[in-house]
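Everything numeric here is computed off the predicted structure, so don't read it as measured data. Naming convention: chains lettered A, B, ... in sequence-line order (proteins, then strands); numbering from 1 in each chain.
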Amino acid sequence: MTDSVQPIIVGRGAEPSAAGDPLLDGLNAPQAEAVTYRGPALLIVAGAGSGKTRVLTHRIASLLRSREAWPSQILAITFTNKAAAEMRERVGHIVGDVAKGMWISTFHSACVRILRREAQQFGFTSSFTIYDSGDSRALLKRLVKEHEADAYGLTPAAVQSRISKLKNELEDADSFVRSANMNDPVERKFADVFRDYQRSLQKANAFDFDDLIGQTVYLFRAFPHVADVYRRRFRHILVDEYQDTNHAQYSLIRELTKPVVGGAAEPYAAGGMMIFEADQAPELEGASLTVVGDSDQSIYAFRGADIRNISEFEHDYPGAKVVLLEQNYRSTQNILGAANAVIRNNFDRKDKKLWTDSGDGEKIVGFTGYSQHDEAQFVADEIETLRRSGMPYSEMAVFYRTNSQSRALEEIFIRSALPYKIMGGTKFYDRAEIKDALAYLVAVVNPADDQSVRRILNKPKRGIGDVSETTIATYAAEHNISFRDALANSESLGFGPKIQNAIAQLDAVLTEAANIMVPPSGEVPPPTAVADGLQVLLQKSGYLDALRMSKDPQDEARVENLDELVAVTREFARNNPEGTLSDFLTEVALVSDADDLDDESGVVSLMTMHTAKGLEFDAVFVTGVEEDLIPHRISAGEPGGPQEERRLFYVGVTRARKRLFLTLAMTRAQFGEVSVAMPSRFLQEIPAELIDWRQSPGDVNSRGGTQSRALNARRPSGGFGVQPLAPGRSGGFGPKTTSLEKFPNRIPSKVRDNGDLELAPGDRIRHDDFGEGRVDLVTGEGAKRIAHVRFDAVGAKKLLIKIAPIEKL
DNA sequence: AAACAGGCTGTTTTT
DNA sequence: CAGCCTGTTT
């Protein structure tokens with residue numbers, strides 16, 4: 001991912017892969033073989049940092065350049081949309097515009113594309129909606145209640161996860177009933193809910209995430225002539241991160257790589273290009289398959305990834321060629337040594353020896369903070385040091401196991417005026433107001449989706465409560481029409497004038513927006529239709545007005561978020577002039593955390609280790625390296641859990657090119673409680689000589705050790721031995737100076753506001769944590785004014801003046 | 001129908 | 001410490 005890509009002229013002369021071939025330039029022998037090998041099946045076992053993206057892109061370019069394949073005959077599957085975009089760009093660099101005809105996408109996007117085209121084959125329309133996990137859970141919540149399944153101990157979350165697991169195995173309610181113990185009333189109940197759930201999805205013209213894959217497989221199996229269309233089309237299939245495929249995805253690939261056995265089919269026109277074998281034989285051999293993966297980086301077993309897909313590849317595809325990429329081009333030997341030492345403890349793996357010739361590099365830095373804030377302060381300080389030594393913020397990343405860990409980091413980063421970006425967490429599209437707005441859009445494009453219509457029924461408040469909603473639902477059921485259509489008959493619903501009027505207005509707004517975005521006349525709406533329609537919906541429904549009138553300060557931010565959403569639709573229109581409302585909603589449903597990554601240079605990235613997969617940075621901070629966090633407590637009881645956690649840690653460590661920092665905290669506050677944390681077992685697995693401990697767990701335990709950085713100037717000296725079992729004595733002792741309660745250096749959750757505090761170079765200030773210091777410089781404007789302060793005790797810091805806990809002296 | 005108060009609970013990773 | 005659900009009040 002770091003190698004520079006040079007444009008290469010394609011199709012000039014027909015020289016085969018001769019020496020000096022620019023596509024093979026700078027590749028080592030196994031890499032070159034992975035690019036040039038031709039055969040039905042190829043497995044590239046690619047260790048971390050071994051240049052697999054480069055190999056994949058060059059392999060595709062090589063197929064195109066030699067005219068072995070038209071762009072339209074190539075299907076490349078990646079793990080995230082971001083990876084897909086990157087691959088498309090890099091192939092484009094090499095071969096030019098022809099890259100546009102290729103399908104380079106995620107499993108989910110590829111399946112949506114197929115399903116939109118073929119939906120009407122099996123009872124859906126092409127404007128089907130995609131239910132994300134939140135939508136599914138909402139539906140299941142309703143169904144669990146209706147079936148009174150909670151009385152059997154079935155929660156919506158449990159049902160959802162079980163259904164997902166079954167769907168990953170391509171099971172449906174019927175096959176479940178056949179194999180499960182139907183004497184167990186709980187199992188029967190579950191089966192009922194499952195069946196009803198599936199029926200509801202079908203009725204709503206919707207697929208959940210798992211269905212996107214599973215139903216495509218079903219489609220191919222039930223309608224072989226449809227499958228043949230895609231088998232004829234895709235002659236070269238490449239799958240990245242193959243170790244993280246689940247059974248459904250595996251089956252999809254199997255279906256696509258089957259030979260075409262059917263009789264003389266009509267030649268399939270792809271992008272105006274005919275497939276040339278069509279006239280040769282009635283039979284067409286299966287597409288060639290290339291998969292890339294590394295079983296040491298399999299971290300998605302929890303969502304059905306089956307490591308056997310890759311470990312048994314040679315068995316599934318007899319005669320498959322296997323190429324091993326073991327040379328690492330990314331990390332220093334010290335980093336690699338630590339990674340190898342850790343992963344070696346997974347007993348059931350094939351030994352792989354990653355090596356590099358790039359030298360030892362700097363030692364890994366370890367740090368143990370007293371608290372998570374202390375730890376965060378260390379990270380912030382080190383980031384500043386790296387920055388001053390010339391490393392751009394965009395080349396640094398901070399990883400953690402769970403999303404909730406990001407908060408402490410974020411608080412310190414804000415205080416330190418460090419530019420950062422959090423990937424994932426509460427996603428933009430998960431916010432309530434955004435989901436409401438999207439529900440309005442779905443209600444327009446897919447009126448069969450009752451759930452979306454119900455969601456917006458009383459948003460903003462229209463005085464339509466539970467009772468009225470049920471009345472409408474009953475009416476719809478009696479007349480066998482959708483909830484949306486029931487709204488159109490507001491006068492026959494038997495409501496009073498107030499409610500009837502509210503319903504009529506909602507109906508009118510939806511109809512007006514529909515005329516803009518999906519004109520019934522069938523004419524093609526202008527590119528701005530989605531943005532225009534969304535604005536009509538938000539304004540005329542009164543949604544925006546309600547937020548503006550509200551006195552809840554958060555509602556101001558919600559208005560801004562909605563403005564942002566409108567901006568997103570505009571952006572979408574610019575990038576996809578032909579894009580329909582349906583296309584927009586698809587894109588929104590399938591964007592992931594890793595996708596909106598950087599491009600904003602000069603920003604530190606914060607993300608979970610899962611999100612970090614496939615990325616790399618000059619400097620990486622792996623934080624919270626503690627027992628019960630990594631490995632996570634919950635994984636301890638799961639079969640294979642600790643091993644998967646080790647792989648996850650391995651993934652985190654191997655993202656680093658030059659500098660690796662491993663940090664932990666002695667105490668961690670979670671759910672309001674402070675608990676003592678133990679160093680992770682993975683730390684023990686790293687040879688001691690590779691780590692330079694700035695502050696080791698031992699230092700922190702011994703009394704009188706270094707003081708907590710975030711508390712530096714405040715705490716009176718004295719021991720603060722950690723007392724996990726603080727005695728609950730109610731004696732008349734003085735203030736509990738050593739107790740943990742006093743310890744967690746909480747950041748006040750109220751946002752501090754220093755207003756227009758004026759600071760100029762030379763001013764003396766006092767900071768709650770850092771003590772006194774002198775202002776060197778003030779930069780930035782307005783709310784973003786930053787003071788560069790030299791503290792007497794702790795040296796130079798940058799502070800966001802508006803919110804830093806400081807006062808002028 | 002809506003707003004509010006209080007109690008409970010769960011508490012990982014994500015296309 | 002949330003966020004969610006339930007029950008109560010207006």
Centres of the A:Phe207 and A:Phe124 rings: under 6.0 Å?
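Close enough - the centres of the two rings lie under 6.0 Å apart.
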Would you indicate what [X] reaches in the nucleic acid, counting non-hydrogen atoms under 4.0 angstrom: base, sugar-phosphate, or nothing?
{"X": "A:Ser468", "answer": "sugar-phosphate"}
{"X": "A:Lys141", "answer": "sugar-phosphate"}
{"X": "A:Phe107", "answer": "nothing"}
{"X": "A:Arg647", "answer": "nothing"}
{"X": "A:Asn458", "answer": "sugar-phosphate"}

Between A:Thr106 and A:Glu645, which is nearer to the 5' end of DNA chain B once each is assigned its nearest nucleotide?
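Per heavy-atom nearest nucleotide, the more 5' residue is A:Glu645.
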So is [X] actually on top of [Y]'s ring, under 6.0 Å and inside 45° of the axis?
{"X": "A:Arg647", "Y": "A:Tyr650", "answer": "no"}
{"X": "A:Arg162", "Y": "A:Phe190", "answer": "yes"}
{"X": "A:Lys459", "Y": "A:Tyr543", "answer": "no"}

CZ-CG distance between A:Phe128 and A:Leu585, expressed to the nearest 0.5 angstrom
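CG of A:Leu585 is found 11.0 Å from CZ of A:Phe128.
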For nucleotides C:dC5 and B:dT12, find the distance between their C1' atoms and express it as a whole number of Å.
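Per the computed distance, 24 Å lies between those C1' atoms.
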What is the distance, rounded to the nearest whole Å, between atom [atom1] of [X] and atom [atom2] of [N]?
{"X": "A:Tyr300", "N": "B:dT12", "atom1": "OH", "atom2": "C1'", "result": "11 Å"}
{"X": "A:Arg633", "N": "B:dT12", "atom1": "CZ", "atom2": "P", "result": "10 Å"}
{"X": "A:Leu648", "N": "B:dT12", "atom1": "CG", "atom2": "C1'", "result": "10 Å"}
{"X": "A:His632", "N": "B:dG10", "atom1": "NE2", "atom2": "P", "result": "15 Å"}
{"X": "A:His610", "N": "B:dT15", "atom1": "NE2", "atom2": "P", "result": "10 Å"}
{"X": "A:Leu615", "N": "B:dT14", "atom1": "CG", "atom2": "P", "result": "13 Å"}
{"X": "A:Ile630", "N": "B:dT12", "atom1": "CD1", "atom2": "C1'", "result": "10 Å"}
{"X": "A:Ile634", "N": "B:dT12", "atom1": "CD1", "atom2": "P", "result": "5 Å"}

Base paired to B:dT13 (Watson-Crick or G-U; both N/O distances under 3.5 angstrom):
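For B:dT13, the partner nucleotide comes out as none, under the 3.5 Å rule.
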Mate of C:dT8 where both pairing distances stay under 3.5 Å, Watson-Crick or G-U
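B:dA3 - that is the nucleotide pairing with C:dT8, both distances being under 3.5 Å.
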Look at the rings of A:Tyr300 and A:Phe79 and say which category their plane angle falls in: under 30° parallel, 30 to 60° tilted, over 60° perpendicular.
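A:Tyr300 vs A:Phe79 ring planes: tilted.
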For B:dT13, is there a stacking contact with A:Phe302, counting only centres under 5.5 Å and planes under 30°?
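One would call A:Phe302 stacked on the B:dT13 base.
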Phosphate OP1/OP2 of [N]: any [X] side-chain N/O under 4.0 Å:
{"X": "A:Asn168", "N": "B:dT15", "result": "no"}
{"X": "A:Thr608", "N": "B:dT12", "result": "no"}
{"X": "A:Asn403", "N": "B:dT13", "result": "yes"}
{"X": "A:Arg407", "N": "C:dA2", "result": "yes"}

Given [options], the nucleotide with the shortest approach to the side chain of [X]:
{"X": "A:His108", "options": "B:dT12, B:dT15, B:dT14", "result": "B:dT15"}
{"X": "A:Thr611", "options": "B:dT15, C:dC5, B:dT14", "result": "B:dT14"}
{"X": "A:Val467", "options": "B:dT12, B:dT15, B:dA1", "result": "B:dA1"}
{"X": "A:Lys461", "options": "B:dA2, B:dT12, B:dT14", "result": "B:dA2"}

